[in-house]
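Taking it in order: structure first as structure tokens, then the write-up.
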Amino acid sequence: MGALRRDRLLPAMAVAVAAVGVVACEPGGLSALSVAHTTDVAATAEIQRRHVDVRWLTCTAQYKDEKKAGAVAAVDCRGKTTDGRDITVDGRIARAVDGACVRGDLTAVVGGKQLFRVSGLGDCKSATPSPVKPSGSAAPGVRPTVTVTVTVTETVGAGGAGK
């Protein structure tokens, strides 16, 4: 059973390491990867703050029209609770602080019922939000990007290891 948990966690850890590496190198704007990662982290924290146990959550982000000033990233998150209910978080992100917060219009639905609709998630007071725009957006011929992130939450019971 321990090998099964490790097999599920290794891909998620690889995505997290890759996200940190790519996010750290993004000058002049937040990439789709950064927006997806930040939304994933902030949405998971808010859902759990509302007493819903998140088993996993996967977010993607894509720029609809990156050539316009003030580009907006569309985010789409899917996941499951520990008791098997579906989680969706969808919306548009207009401003973000990498790893700290997202601002825009986000709606979370758990088990078919709306859990929240907010104009932002996370702590933006710790840093100044930057406009969400793909890095390199001024370059001609740049295409929209789609990025996937995964958050896996695992609870280990007190009944002993390997159960």
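For clarity, every value in this text was computed on a predicted model and none was experimentally measured. Just so you know, residue 1 is the first one in the sequence shown, and it goes up from there.
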>> Pair Ile93, Arg103 - check side-chain contact (heavy atoms from CB on, under 4.5 Å), show working.
In response: CA-CA 6 Å; Ile93 304 299; Arg103 294 292 179 253; over 6 Å; no
> Mind checking what makes side-chain contact (heavy atoms from CB on, under 4.5 Å) contact with Asp90, not counting sequence neighbours?
Replying inline: Asp76, Arg78, Thr88
> Closest heavy-atom contact between Ala32 and Tyr63?
Replying inline: N-CE1, 3.7 Å
Distance-only donor-acceptor hits, side chain of residues 105-118, under 3.5 Å, sequence neighbours excluded:
| residue | atom | partner | partner atom | Å |
| --- | --- | --- | --- | --- |
| Asp105 | OD1 | Arg117 | NE | 3.0 |
| Asp105 | OD1 | Arg117 | NH2 | 3.4 |
| Asp105 | OD2 | Arg117 | NH2 | 2.7 |

>> Ala42: which residues meet the side-chain contact (heavy atoms from CB on, under 4.5 Å) condition with it, sequence neighbours left out?
In response: Leu121
> Just how far is it from atom OG1 of Thr39 to atom CD of Glu46, taken to the nearest 0.5 Å?
Replying inline: 13.0 Å
>> I need the minimum non-hydrogen distance between Thr38 and Cys101, along with the two atoms involved.
In response: CG2-O, 3.5 Å
>> I'd like to know whether Val54 forms a side-chain contact (heavy atoms from CB on, under 4.5 Å) with Thr81, so could you lay out the CA-CA distance, the side-chain angles of the two residues, the decisive distance to 0.1 Å, and finally the verdict.
In response: CA-CA 4 Å; Val54 177; Thr81 64; 5.9 Å; no
> With a 4.5 Å limit on heavy-atom distance, are the side chains of Ile87 and Ile47 in contact?
Replying inline: yes
> Which pair of heavy atoms, one from Ala74 and one from Arg92, lies closest together, and at what distance?
Replying inline: CB-NH1, 3.2 Å
>> What verdict does the side-chain contact (heavy atoms from CB on, under 4.5 Å) test give for Cys77 and Thr58, after you've listed the backbone C-alpha separation in whole Å, the side-chain angles of each residue and the deciding distance to 0.1 Å?
In response: CA-CA 5 Å; Cys77 305; Thr58 300; over 6 Å; no
